[in-house]
Amino acid sequence: MSIDWTQFTPWTSLAGGAAIGAAVALLLLVNGRIAGISGIIGGLFALRRYDMGWRVAFLTGLAAAPLAWQLFSELPPVRIDGGYAVMAAAGLVVGLGTRYASGCTSGHGVCGLSRLSPRSIAATLVFMGTGFLTVYLVRHVLHGG
Amino acid sequence: MRGSFIAAGASGLVFGLGLILAGMADPGKVLAFLDLGGAWDPSLAWVMAGAIAVGSAAFAVARGRGRSWLGAEFDLPVSRAIDRRLVLGSLAFGVGWGMAGICPGPALVLVGSGSAKGLVFVAAMLAGMKLFQMLEGRRSSKGTIPGGNEG
């Protein structure tokens, strides 16, 4: 392993993380809810009318973030390696997997670790592990790079 | 009721701005964190550190209160079981995350920034979640999903 110092952005990443934490705090302390994205989306499928509004409001705010950002600054570049078939396959697996796991990077990784939940610690170790392994296989075994 | 919508919308917006600032709306940067065998970019670990530092303070405040500021009960996960669903689900999620470098939050930010690939990812992700709902939603008479609700 070699650290890529040219790409490493410790301070903006720490600040961005703190903003994510602030968003978690807001939803928790005002609404009493966990800011877990897969759960907020997945809960829409239960079609409980009284439980839809805050989910839609949160997700609208999330998707509006790039528009709000562009009011003040240019969006940072986005690099997506995979093609459309990879996106479709990955999206399907992420949708199914996060619902079976009851959480993703936000629900388990941020909120769960903040609560020191044993379930979330286990989930985070597992998805980080298979994430590392998948990238290793794709980049260094399949593509031999 | 209205206050809760405003707070939820603001929370989503701040969450998304945080993802963009952190560099996590760029799948290339996420994959650079997951690529231990290449030129490793540890930034994502700092995102987690910042988020957990603020997040754990928020949960500490919540533990000291019976209800939220709007008087809602805290809807926190109660399940403690590390079961097969949790492990296999996380295992699959990690594979998808490693394939695309995209997880659910950044996926919606990508859609908001007009990314066609982001849109395909989100459409497939919604299909996966719908599939889960069809397979598991009817197991319970109340239509709720068994297991935890960490999000």
Side-chain angles (χ1 to χ4, degrees), chain A residues 4 7 9-10 13-14 16-21 23-27 30-32 34 36-39 42 45 54 57-58 61-63 65-66 78-80 87-88 90-105 107 110 114-115 122-123 126-127 130-131 134-136 140, chain B residues 4-5 7-9 11-18 21-22 26-28 34-35 37 39 41 43 46-47 50-52 54-56 58-59 68-69 72 74 82 85 89-100 103-105 108 112-113 117 120-121 124-125 128-129 132-133 148 150-151:
Chain A
D4 186 353
Q7 297 297 315
T9 53
S13 285
L14 193 66
I20 292 168
V24 167
L26 183 61
L27 195 68
V30 177
N31 290 33
I34 298 260
I37 315 288
S38 61
F45 289 101
W54 74 275
F58 180 94
L62 184 60
V78 165
R79 299 157 292 168
I80 303 184
M87 291 303 121
L92 190 68
V93 174
V94 166
L96 208 52
T98 53
R99 293 303 286 146
Y100 271 102
S102 310
C104 57
T105 343
V110 174
S114 293
R115 299 187 302 121
V126 172
F127 70 67
T130 51
T134 302
V135 173
Y136 185 82
H140 304 289
Chain B
S4 74
F5 291 173
S11 172
L13 184 65
V14 172
F15 201 112
L17 292 173
L21 177 62
D26 174 14
L34 292 176
D35 187 7
D41 177 356
S43 303
W46 289 61
V47 182
I52 290 169
V54 179
S56 36
F59 282 100
S68 82
W69 291 334
F74 287 111
I82 298 173
R85 302 164 65 92
S90 299
L91 197 140
F93 165 45
V95 171
W97 191 36
M99 285 167 69
C103 57
L108 289 186
S113 62
K117 284 183 179 172
V120 170
F121 182 95
M125 180 177 81
M129 290 179 170
F132 168 83
Q133 188 73 27
E150 280 91 345

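Given the structure is predicted, the values throughout are model-derived calculations rather than measurements. Just so it is clear: chains get the letters A, B, ... in the order the sequence lines come, proteins before strands, and each one is counted from 1.
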key: side-chain hydrogen bond (donor to acceptor under 3.5 Å, both in side chains) against A:Thr9, all qualifying residues, sequence neighbours excluded   =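 For A:Thr9, the residues satisfying side-chain hydrogen bond (donor to acceptor under 3.5 Å, both in side chains) (neighbours in sequence not counted) are A:Ser13, B:Lys29, B:Ser43.
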ask   = Who passes side-chain hydrogen bond (donor to acceptor under 3.5 Å, both in side chains) against A:Asn31, sequence neighbours left out?
value =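 Once residues adjacent in sequence are excluded, A:Asn31 has no partner under the side-chain hydrogen bond (donor to acceptor under 3.5 Å, both in side chains) criterion.
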key: Worked verdict on A:Val24 versus B:Phe59 for side-chain contact (heavy atoms from CB on, under 4.5 Å)   = CA-CA 9 Å; A:Val24 167; B:Phe59 282 100; 4.0 Å; yes
Who among [options] has the most heavy-atom pairs with chain A under 4.5 Å?
| options | value |
| --- | --- |
| B:Gly98, B:Ala8, B:Gly18, B:Pro104 | B:Ala8 |
| B:Asp26, B:Val14, B:Val54 | B:Asp26 |
| B:Gly16, B:Gly9, B:Ala58 | B:Gly9 |
| B:Cys103, B:Gly94, B:Gly112, B:Gly28 | B:Gly94 |

Of all heavy-atom pairs between [X] and [Y], which one has the smallest distance, and what is that distance?
| X | Y | result |
| --- | --- | --- |
| B:Gly96 | A:Val93 | N-CG1, 4.0 Å |
| B:Ala51 | A:Val110 | CB-CG1, 3.7 Å |
| B:Phe5 | A:Ala57 | O-CB, 3.5 Å |
| A:Ala123 | B:Ser90 | CB-OG, 3.3 Å |
| A:Leu96 | B:Phe132 | CD1-N, 3.8 Å |
| B:Trp46 | A:Leu14 | O-CD1, 3.4 Å |

Do the side chains of [Y] and [X] get nearer than 4.5 Å, heavy atoms only?
| X | Y | answer |
| --- | --- | --- |
| A:Leu26 | B:Phe15 | no |
| A:Ser38 | B:Met129 | yes |
| A:Val78 | B:Pro27 | yes |

Gap between atom [atom2] of [Y] and atom [atom1] of [X] - 0.5 Å precision:
| X | Y | atom1 | atom2 | result |
| --- | --- | --- | --- | --- |
| B:Leu91 | A:Thr130 | CG | OG1 | 5.0 Å |
| A:Ile20 | B:Leu17 | CD1 | CG | 10.5 Å |
| B:Trp97 | A:Thr105 | CH2 | OG1 | 5.5 Å |
| B:Met125 | A:Met87 | CE | CE | 13.0 Å |

request  = Evaluate whether atom CZ of A:Phe45 has more than 12 neighbouring non-hydrogen atoms of other residues, nucleotides or ligands under 6.0 angstrom away.
outcome  = yes
task = Could you go through the side-chain contact (heavy atoms from CB on, under 4.5 Å) check for A:Ser114 and B:Ile52 one step at a time?
result = CA-CA 5 Å; A:Ser114 293; B:Ile52 290 169; 3.9 Å; yes
ask   = Between A:Gly39, A:Ala122, A:Gly42, A:Gly21, which residue shows the highest count of heavy-atom pairs closer than 4.5 Å to chain B?
value =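 The residue among A:Gly39, A:Ala122, A:Gly42, A:Gly21 with the greatest pair count is A:Gly21.
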Contact leader toward chain B among A:Gly61, A:Gly107, A:Gly36, A:Ala19, where contacts are heavy-atom pairs under 4.5 Å =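 Looking at each of A:Gly61, A:Gly107, A:Gly36, A:Ala19 in turn, A:Gly61 comes out on top.
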